[in-house]
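Below is one structure, written out as structure tokens; comments come after it.
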Amino acid sequence: MSNGSISIALESSSSLFTKILHYTRCKNLPKGQSLHSHLIKTGSSSSCIYIANSIVNLYAKCHRLSDAHLAFQEIQTKDVVSWNSLINGYSQLGRRDSSLSALNLFKLMRQENTLPNPHTFAGIFTSLSTLGDSFTGKQAHCLAFKLGYLSDVFVGSSLLNVYCKAGHHLGDARNMFDEMPERNSVSCTTMISGYALQRMVKEAVGVFSVMLLKRGEDVNEFVFTSVLSAIALPEFVYVGKQIHCLSLKNGFLSAVSVANATVTMYAKCGRLDDACRAFELSSEKNSITWSALITGYAQNGDCEKALKLFSEMHYRGMIPSEYTLVGVLNACSDFDALREGKQVHGYLVKLGFEPQMYILTALVDMYAKCGNISDARRGFEYLKEPDIVLWTSMIAGYVKNGDNESAKGMYCRMLMEGVMPNELTMASVLKACSSLAALEQGKQIHAHIVKHGFSLEVPIGSALSTMYAKSGSLHDGNLVFRRMPARDLVSWNSMMSGLSQNGCGTEALELFEEMLHEGTRPDYVTFVNILSACSHMGLVKRGWSIFRMMSDEFGIEPRLEHFACMVDMLGRAGELYKAKEFIESAASHVDHGLCLWRILLSACRNYRNYELGAYAGEKLMELGSQESSAYVLLSNIYSSLGRLEDVERVRRLMNLRGVSKEPGCSWIELKSQFHVFVVGDQLHPQIIHIRDELWKLTKLMKDEGYKPDFDPCLELEGVMD
DNA sequence: TTAGGGTTAG
């Protein structure tokens, strides 16, 4: 034994104690460990229960729970403090698994007939709030009441947190808060954060104001952080500003959590300039400060700025947290920024981030939304047990990329694997059914919605009414629409689109009036739907007035879709030369020209105005159209005008540009089976029977007086084959 | 003379 060890062995237990406590407070694990090993060597580690318990506590506070557990097991006669040291060590880790360990230890403690004290309950309630388990919380609440511990402010505050974290018990929480014999800054912070979680801004600010009046001296950085985080709506930004000033005046803005909450508050209220100023003025910045501003820009639609800040963060040597990365990946997803998303992915791998569920979900979502569905799928298959968010991301990804069949397949696989869908899953799979006009399957999903007890709120109600409307069941679509407890702009637009597409233009226009009457502000999609309805109904005058109203009254600049509706409207009404003038005044962009002249060309064919048709067709050739139907139509027009040289020229141009014709294709769903038909194929097993029926129908039509149109320009298959 | 509660990014 060296001289040093002898000196430790001879130290009085009170001085050893002081050292252990000091190392615990400073979380100095190496010093603590060496002291522990000397205690074991000299046999004094188990001689005194205070020292033995303090060793358990030392390891627990340094987050070395396995060592704490070993030290705990070494204690021959454990007392309530031994148990509490270990239980609270697990509780304070704040993870699900550690919280469950704390609860198990509590059970063992009771089995060994050790009476819990208020310290035990403080830890147990902390674990229960981490787990969001208000059910067990109530049982423990009863026990704490029976033992007479509820008047203890530590027990009260931690129990309050159990009810606050389980949102639906917020009323119970408030009652408890009001009846607490003693309240302090911790109980107030807990109550404010509870309101913040439920977006109850007024209530949160109310608790803060009362506290300020009654216990001004108690207000600290925790209180400011929680109340600032509660203010997340633009209409409350003026309150946020006042609290921001107050925190500055009282010297709390130097606390990094208060500064972070201030940046977040301004960003959530859409005040990016103020958020930026708060960011620049914060004396200490950590990864949360950067995250707050990056996410703020991303959520307010400025993806470029978000990505720029992210690279600046890297440049300044600040290591991003997984939250920062998730924020940046979400920004990339929302703005189709695949290249940047891939860079972030590479960076993430380089930093050695474990592929945890939420990072993987953000990656899958980014790849799927940016159109790289195969990489999204690879990320998805990486996890053996994907959670519902990941399933939903994948399903929504397929829908966004137009692969609705795969989306439906994914949904079925998910159900078979026993994963419960959530409302976003349902909305996505309904969207797939709408696009496929798969009414029967849509109805089945509707049944799932009822069975799982989902309500008709946005987004489910909106997706459901759209599904019915797009599948032609306008009555059911309208029924769902009317039963929705609240509608947003998308719900109105979807229903209008359903009506307009199914030939109910008048109803669509009525719905538009109703929407304006209810005070919902239309967007550019609304006007696409309404102009399209006017076009289908032949309401030229109304269409013109709505087209003007869009920019004059609502400040919405017309886009290609609106110009297209206008050309279509004029074309259908036979006002072909007005349509030509309109295109020439509006089509400043190549893409616009390609789309608009194509619409006019079709209209000219319908009205057999070959002269203007040829003019529109030549415009399309000039602009380098890649659409086979344009070439076919133009060539048919020249053919019927007897201009065979031009026929030849258009045909050569088509070959030269490598334009090929997509065969026509149609499908129908019967008894949950899809029957697909491509022009000229004989693949269907009942094709002979089907043709027989078609022949009979054609004969019936002719008998009823139908005269087929033999205009050569309608024979799209004809001349070019 | 050992052991306890609350905050920020998603």
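Chain naming here is simple, since letters A, B, ... match the order of the sequence lines and numbering starts at 1 in each.
With a 6.0 Å radius and a threshold of 12 heavy atoms from other residues, nucleotides or ligands, A:H63 has its NE2 atom above the threshold.
Scored by the side-chain hydrogen bond (donor to acceptor under 3.5 Å, both in side chains) test, A:E312 finds A:R316 as partners (sequence neighbours excluded). Residues passing the salt bridge (Lys or Arg N to Asp or Glu O under 4.0 Å) test with A:R64 are A:D67, sequence neighbours excluded. A:T225 pairs by the side-chain hydrogen bond (donor to acceptor under 3.5 Å, both in side chains) definition with A:S257, not counting sequence neighbours. Remark: A:K61 pairs with no residue by the salt bridge (Lys or Arg N to Asp or Glu O under 4.0 Å) rule, at least two apart or across chains. In this view, A:D387 satisfies the salt bridge (Lys or Arg N to Asp or Glu O under 4.0 Å) rule with no residue, not counting sequence neighbours.
One finds a salt bridge joining A:D178 and A:R174 here, because a Lys/Arg side-chain nitrogen approaches an Asp/Glu carboxylate oxygen to under 4.0 Å. Salt bridge annotation for A:K400-A:D336: present, with a cationic side-chain nitrogen under 4.0 angstrom from a carboxylate oxygen.
At a threshold of 4.0 angstrom between heavy atoms, the contacts of A:T120 with the nucleic acid are absent. Residue-level contact check: A:V227 touches neither bases nor backbone, having no heavy atom under 4.0 Å from any strand. Using a 4.0 Å heavy-atom distance criterion, A:N184 is classed as a base contact. Among the protein residues, A:Q92 comes within range of the sugar-phosphate backbone only, with heavy atoms under 4.0 Å from sugar or phosphate atoms but none that close to a base. Using a 4.0 Å heavy-atom cutoff across all strands shown, A:S321 reaches at least one base atom of the nucleic acid.
Residue pairs meeting the ring pair (Phe, Tyr, Trp, His ring centres under 6.0 Å) criterion with at least one partner in residues 192-217 of chain A, sequence neighbours excluded, are A:F208-A:F224. Residue pairs that meet the side-chain hydrogen bond (donor to acceptor under 3.5 Å, both in side chains) test with at least one member in residues 115-124 of chain A, sequence neighbours left out, are A:N84-A:N117, A:N84-A:T120, A:N117-A:T120. Applying the side-chain hydrogen bond (donor to acceptor under 3.5 Å, both in side chains) rule to pairs touching residues 284-301 of chain A yields A:N260-A:N286, A:N260-A:T289, A:N286-A:T289, A:S291-A:T324, sequence neighbours excluded.
A:A396 and A:S428 get closest at one heavy-atom pair: CB-OG, 3.5 Å.
The stretch residues 251-261 of chain A touches DNA chain B through A:S257, A:N260, each having a heavy atom within less than 4.0 Å of the strand. Of the residues in residues 206-213 of chain A, not one comes within less than 4.0 Å of DNA chain B through any heavy atom. For DNA chain B, the residues of residues 188-196 of chain A within the heavy-atom distance limit of 4.0 Å (strictly under) are A:T189, A:T190, A:S193, sorted by number.
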Residue pair A:I388, A:M420: steps toward the side-chain contact (heavy atoms from CB on, under 4.5 Å) verdict: CA-CA 7 Å; A:I388 182 60; A:M420 280 287 285; over 6 Å; no
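Bracketed by its first and final contacts, the part of DNA chain B lying under 4.0 Å from non-hydrogen atoms of chain A reaches from B:dT1 to B:dG10 in 5' to 3' order.
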